[in-house]
Amino acid sequence: AKTLRNDNSSRFGKFIEIQFDKLKGTILGARIRHYLLEKSRIVRPPTGERNYHVFYQLLEGTSAQQREDLQLLGGPEMYRYLMQSGVFAVEDVDETNMFEITCNALRIVGLGETELECVWRVISAILHVGNVSFEQEKSGEEASAKVVEVVEVSSEGTPYPAGYDPLAPAATLMG
């Protein structure tokens, strides 16, 4: 994520540092560092900061066919989770190149093409669900949610395609 202090902030998680013998190439040890991912950043990034980089990489780095398969509408201005902060780009960052680097890193840790496709489907679904506002309803002891608003126009005033229902692509993508 891009924060006000750092263009590439990890926003918490787990990092495993593996230490190798420089001559033999064998593992000498490891150190695990813990941190917590900010869930709130996805739904409401702070003003002047950007959401997680992978959203922008996905929108810029995928092929036209992939964007069609993922039912992506266009750039970040088409998704409420990305347009709220008003920050769409990081200076001197090539999102397409970074997307390829991200894909390669995920392949290195063992994800195959099927798993990568699943990751991109989930991320795309998250973007679509962000174009809907929900309200909790309580009926007796049961709680449910109802849709109270569907975003109709992008941040640049571009209307969404006729009949756009953000929950439809999200449901399709999630299977």
Side-chain angles (χ1 to χ4, degrees), residues 1-131 155 166 169-175:
K2 179 193 178 312
T3 65
L4 294 173
R5 295 183 185 178
N6 183 344
D7 285 347
N8 193 22
S9 180
S10 63
R11 309 317 299 152
F12 316 102
K14 184 185 281 188
F15 177 76
I16 302 173
E17 178 183 325
I18 302 173
Q19 298 150 351
F20 292 93
D21 180 296
K22 292 181 182 178
L23 299 175
K24 297 178 187 176
T26 57
I27 296 175
L28 294 174
R31 181 174 24 173
I32 299 174
R33 296 182 184 176
H34 297 273
Y35 50 97
L36 174 66
L37 291 172
E38 279 183 297
K39 293 179 279 186
S40 62
R41 175 167 297 279
I42 293 174
V43 298
R44 194 174 316 273
T47 302
E49 296 189 5
R50 195 170 91 143
N51 217 312
Y52 290 106
H53 296 313
V54 72
F55 291 119
Y56 307 91
Q57 292 172 8
L58 181 72
L59 294 172
E60 295 294 324
T62 49
S63 68
Q65 183 61 55
Q66 286 173 307
R67 285 190 293 279
E68 183 179 328
D69 293 346
L70 296 170
Q71 302 182 50
L72 295 171
L73 300 171
E77 70 281 350
M78 300 298 282
Y79 299 96
R80 183 183 350 211
Y81 286 166
L82 305 183
M83 66 179 163
Q84 293 177 97
S85 72
V87 179
F88 300 134
V90 176
E91 190 175 333
D92 299 325
V93 172
D94 178 347
E95 301 293 1
T96 301
N97 182 52
M98 293 308 296
F99 181 70
E100 192 55 43
I101 290 170
T102 299
C103 290
N104 288 335
L106 292 171
R107 288 182 189 106
I108 287 169
V109 297
L111 271 69
E113 295 308 311
T114 301
E115 290 88 359
L116 280 174
E117 181 183 330
C118 289
V119 169
W120 308 140
R121 291 171 68 87
V122 169
I123 292 170
S124 298
I126 290 168
L127 289 173
H128 286 290
V129 169
N131 285 345
S155 66
T172 300
L173 290 162
M174 295 303 294

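Note: Asp94 CG to Gln57 CD = 10.0 Å, rounded to the nearest 0.5 Å. Taking CD1 of Ile108 as the start and CG of Leu111 as the end, the distance is 11.5 Å to the nearest 0.5 Å. Note: Ile18 CD1 to Arg31 CZ = 12.5 Å, rounded to the nearest 0.5 Å. In this structure, OG1 on Thr102 lies 9.5 Å from CG on Asn97, to the nearest 0.5 angstrom. Residue Leu82 holds its CG atom at 5.5 Å from CG of Asn51, rounded to the nearest 0.5 Å.
Here salt bridge (Lys or Arg N to Asp or Glu O under 4.0 Å) pairs that include residues 107-116, with residues two or more places apart or in two chains, are Glu100-Arg107, Arg107-Glu113.
Between Arg50 and Pro45 the shortest side-chain heavy-atom distance does not fall below 4.5 Å. For the pair Val93 and Tyr56, the minimum side-chain heavy-atom distance is 4.5 Å or more. In this structure, the side chains of Phe20 and Thr26 stay at 4.5 Å or more apart for every pair of heavy atoms. Within the 4.5 Å cutoff, no side-chain heavy atoms of Glu60 are placed close to those of Phe99.
With sequence neighbours left out, Tyr81 forms a ring-ring contact (aromatic ring centres under 6.0 Å, His included) with no residue at all.
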Output side-chain donor-acceptor pairs under 3.5 Å for residues 117-129, partner residues at least two apart or in another chain, one line each.
residue	atom	partner	partner atom	Å
Trp120	NE1	Leu116	O	3.4
Arg121	NE	Leu173	O	3.0
Arg121	NH2	Thr172	O	3.1
Arg121	NH2	Leu173	O	3.1
Ser124	OG	Trp120	O	2.8
His128	ND1	Tyr164	OH	2.9
His128	NE2	Gln71	O	2.7

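One N or O on the side chain of Arg80 and one on the backbone of Gly130 form a donor-acceptor pair closer than 3.5 Å. Of the possible polar contacts, none joining the Glu95 side chain to the Val90 backbone as a donor-acceptor pair under 3.5 Å is found.
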